[in-house]
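Order of the sequence lines sets the chain letters (A, B, ...), proteins ahead of strands, with each chain counted from 1.
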Protein chains: 2
Amino acid sequence: MAREAGRGASHRAAPVHARLDDVTVQEALAALADPVRLTLVRELASSDDWTRSCGSFDVPVGKPALSHHFAALRAAGLVEQRDEGARRVNRLRREEFDARFPGLLALVLRGD
Amino acid sequence: MAREAGRGASHRAAPVHARLDDVTVQEALAALADPVRLTLVRELASSDDWTRSCGSFDVPVGKPALSHHFAALRAAGLVEQRDEGARRVNRLRREEFDARFPGLLALVLRGD
DNA sequence: GGGACTGTATGGTTTCCATCGAACACTCTG
DNA sequence: CAGAGTGTTCGATGGAAACCATACAGTCCC
């Protein structure tokens, strides 16, 4: 069987990402109104793109809950995910999200 | 008994308002992430200050729920209330809230 | 292939919050 | 004072969401 060379294609279902135009203000606010998700976004904002896997965040929840939170962040257009081997690495969709909801990201990243 | 002239003093417990500095971003977001409260804020934004009583809003909830929503908006520093006779009239705390959370109000008032 | 690792799916529990009905408090008017 | 109008409080209920333990699906390394 031919196998992709180098960074091989994943045989897992690729993560589904939201179109920013389909995200409502209310959904964006609801996504950010959760303490765990807020921590994830902030921690992600202080890291380089594609450097943080899902399990590398310091939040007091188990793996299933964490997975659910990332799905919520994806649905809100806040994060993009890519499979890299066994792990799934993340990126904050700064510019796209800021274009859709100007200033909102800056607001939650300014530490209170 | 001496009675206040004109707009008399209320014998009701005055509404308690939040200090904007005590409101966290997360609380502000949670307050705005509700569809009913979002409607209240938007409708209030398109009205002059102190012209809208609590019961004058077009939301599909009963009086008790409405009362709780206004309490939530007060706690988030979004509205100020004043008793005027039998009615309780409202005002959107535009500038104070915008000073605390720049751009957030503008964001939710821009119709999607 | 065997095992460690990473993330997702499933099922069930708990917690939180929006809501309502009913009752109460206050204001104005007749 | 009686009654209508406005808003809050109380108690209870229903549903949504967050959470966990377990089980499962890929991926990597030996």
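Taking 4.0 angstrom as the limit, A:Arg37 places a side-chain polar atom (N or O) nearer than this to OP1 or OP2 of D:dA18. For A:His69, no side-chain nitrogen or oxygen approaches OP1 or OP2 of D:dA17 to under 4.0 Å. Contact annotation: B:Arg88 side-chain N/O to D:dT8 OP1/OP2 distance is under 4.0 Å.
Between the side chains of A:Arg74 and A:His17, no donor N or O sits under 3.5 Å from an acceptor N or O.
Atom CD of B:Glu84 is separated from atom P of C:dC28 by 10 Å (rounded to the nearest Å). With rounding to whole Å, A:Arg12 atom CZ is found 7 Å from C:dT6 atom C1'. Atoms CD (A:Gln26) and C1' (D:dA16) sit 14 Å apart, rounded to a whole Å. At whole-Å resolution of the value, CG in B:Leu40 and P in C:dT19 are 10 Å apart. One interatomic measurement links the two molecules: CZ of B:Phe70 to P of D:dG7, which rounds to 8 Å at whole-angstrom precision. In this structure, the CZ atom of B:Arg82 is 21 Å from the P atom of C:dC26, given to the nearest Å. One interatomic measurement links the two molecules: CG of B:Asp34 to P of D:dG15, which rounds to 18 Å at whole-angstrom precision. For B:Leu32 and C:dA18, the CG to P distance is 13 Å, given to the nearest whole Å.
Judged by distance alone, the side chain of B:Thr51 and the main-chain N or O of B:Ser47 form no donor-acceptor pair under 3.5 Å.
For B:His11, the side-chain atoms get nearest to C:dT27 when compared with the rest of C:dG7, D:dG7, C:dT27. The side chain of B:Val61 sits closest to C:dC20 out of C:dC20, D:dC20, D:dG7. Comparing D:dC19, C:dT27, C:dT6 by their nearest atom to the side chain of A:Ala86 picks out C:dT6.
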key: Footprint string (nucleotides 9-14 of chain D, 5' to 3'): B base within contact, S backbone only, - free, heavy atoms under 4.0 Å   = B-----
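Checked for salt-bridge contact, A:Arg91 and A:Glu96 meet the test: a charged N lies under 4.0 Å from a carboxylate O.
Between B:Arg87 and A:Arg87, the one whose closest nucleotide on DNA chain D sits nearer the 5' end is B:Arg87.
Taking each heavy atom of B:Thr24 and B:Arg100 in turn, the nearest pair found is CA-NH2, 4.5 Å. Pairing each heavy atom of A:Phe70 with each of A:Gln81, the nearest pair is CD2-NE2, 3.5 Å.
Every salt bridge (Lys or Arg N to Asp or Glu O under 4.0 Å) that A:Arg19 has, sequence neighbours left out, goes to A:Asp22.
In this structure, CG in B:Leu29 is found 7.5 Å from CG in A:Leu38, a value given to the nearest 0.5 Å.
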